[in-house]
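So you know, we letter chains A, B, ... as the sequences are listed, proteins then strands, and number each from 1. What you see is a predicted model, and the numbers here were worked out from it, not measured in a lab.
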There are 2 protein chains.
Amino acid sequence: MQGLYVDKTVRFRTDLPVPVPQAGEALIKIRLAGICNTDMEVVRGYTNFTGILGHEFVGTVVQADDAPHLTGKRVVGEINVACGDCETCRRGDKIHCPRRTRVGIDGHDGTMADYIALPTNLLYPLPDTIPDEAAVFVEPLAAACEITDRVHIRPPDRVIVLGDGKLGLLIAQVLQLTGCELLLVGHHPDKLALAERRGIAAQPAGRPIKGKADIVVEATGHAEAFAAAQALVRPRGTLVLKSLYAEKPAVDLGALVTDEITVIGSRSGPFPAAIHLLEQQLVDVRSMIHAILPLDFGTLALERAAMPGILKVLLTMLNPSST
Amino acid sequence: MQGLYVDKTVRFRTDLPVPVPQAGEALIKIRLAGICNTDMEVVRGYTNFTGILGHEFVGTVVQADDAPHLTGKRVVGEINVACGDCETCRRGDKIHCPRRTRVGIDGHDGTMADYIALPTNLLYPLPDTIPDEAAVFVEPLAAACEITDRVHIRPPDRVIVLGDGKLGLLIAQVLQLTGCELLLVGHHPDKLALAERRGIAAQPAGRPIKGKADIVVEATGHAEAFAAAQALVRPRGTLVLKSLYAEKPAVDLGALVTDEITVIGSRSGPFPAAIHLLEQQLVDVRSMIHAILPLDFGTLALERAAMPGILKVLLTMLNPSST
């Protein structure tokens, strides 16, 4: 089958074997795969990964011996493949299982291929009303939903989202639903305009912000933004970190204590919440699509996705040349 | 009257005027005052404070024109004198009022004197069953109670407290009441022994700790302990910061996100909780008293309190020479 394969570098291959599902797994024909910033990090060697790239997808189950009701269903799937057995899994926190593999990131082949085999307990069947181009956003949208899962936001709480990338735009839309007083701050006029068309107040980074916020979400991807985020949050307020920084910046911990700030590190989120928001059409994701390219354009698609200011690039496997 | 007065340095004075209570204030005869690490910081110039030192106290109300029911009552009092009018105060968060003064720290005369004038809304009358030597611990004990106020701790949650100073010992006793699996880690064998006599598991700092904790409380006072605390907390766990650090250490924010840690900066706490614990005799504070010295020994008392390993030094104003 075809796929984007990482082995020091990334290349398009046509000689990959179709995976053979193991006990408890389903074989899925991929329909669309999304390119995420994490994919670029994986290509750069962040996890020393060798295998098929990609973790965002929507596909159709073609074989599921242990869960025949899934056969033929259109599904999305979680990316953390947990052991199910350890103390962390038994606590119900499978996404932090210390023995887990991660689809397309670490120890498990990914979604930028014609097929993938995944444990059926990671799959979520989709309502027909969610088109593929929206469904492929379930994983990043779930990461945005994790904020409202962890932090109780009430109107008229004042919330500032720093960062107008893909994740920042999804977060702003999810938080808008709480009725909070929301402000999105970013560097890209076209992305801020996208938010403003959804009724979200937005302003360019660098312009002064008056007053403090109850909740500040740091989603710029830049570690130095932490200090700016800390300066914007009121005493006893909450600072949500959504970026995976490599740097270790100097942090004014004393001010966190004096102001009694709560800092919440937040990563993956609940798929059912994201599916529900898409089904109710409460969040717009399709205007974030920059391009949908065939899988054999994969390396070009990755280059395009890495360019500054580009939103979502998708790969489609629903073309006649795929097998 | 007599008092310990800070003006660049600290000295015992006998020429201080008895304060005149303003509208809404009570005049209080101080009975006992506690010496806290913050007092040493104030003497060193941390807030450029000029005035009477001290914020921990128990006293008797001698005059309260606006609240006559308080007259003759033995009381403790909060240290943040808020404006009561600003956005922060109206939110109910008076301890972070940006216009506040702080008793004996910043903008308001303190408690190491014969008398103090304080707003009556900061005062808490004491039950007769709490002796002065216990009541003087209400303020630091309230800071310990702030942890259970902010974090829901359930048995058998595993909790590690780093730091066996006065605050660490109070925190360990408060957290012990939750039925959690508790471990106190510190540098002082005599203090660890004090905790062990209360049935609290304790071990010397530096010895390896097996496994991760659900909740880690950092109360060492040393900013470099943050990384150690972070390494001890499990994914999705909670890290409580109780120390006021001056340094800004490098922090692995990316790991906070990957592990989805919640960091809680925590400072002052609820006086009613602390009074209730003392009344129920659920916490032992009297074994933490190193010495009770008369006020005119004040500068010697401060020197003693600053020595390594010394727990609580108290100043008494109930001697015949005071007026």
Most heavy-atom pairs under 4.5 angstrom with chain A, which of B:Asp259, B:Leu253, B:Leu244, B:Ile261?
B:Leu253
Max heavy-atom pair count under 4.5 Å with chain A, selected residue of B:Thr258, B:Leu256, B:Ile95
B:Thr258
Result of checking B:Lys94, B:Arg100, B:Arg91, B:Arg99 against B:Cys86 for side-chain contact (heavy atoms from CB on, under 4.5 Å)
B:Arg99
Heavy-atom distances under 4.5 Å only: say whether [X] touches chain B with side chain, backbone, both or neither.
X	result
A:Ile264	both
A:Leu239	neither
A:Thr238	neither
A:Glu87	neither

Would you mind telling me which of A:Lys212, A:Arg234, A:Glu247 has the largest number of heavy-atom pairs within less than 4.5 Å of chain B?
A:Arg234
Using a 4.5 angstrom heavy-atom cutoff, name the option from A:Ser268, A:Ala223, A:Ala255, A:Ala246 with the most pairs to chain B.
A:Ser268
Keeping the roles fixed (side chain from [X], backbone from [Y]), state whether a donor-acceptor pair exists under 3.5 Å.
X	Y	result
B:Thr111	B:His55	yes
B:Asp106	B:Phe49	no
B:Arg267	A:Glu260	no
A:Arg150	A:Gly265	yes
B:Ser243	B:Tyr245	no

Side chain / backbone / both / neither for B:Leu241 at chain A, heavy atoms under 4.5 Å:
both
Is it the side chain or the backbone of B:Asp252 that comes within 4.5 Å of chain A heavy atoms, both, or neither?
both
Establish, from distance only, whether the side-chain atoms of A:Thr47 and A:Arg102 form a donor-acceptor pair under 3.5 Å.
no
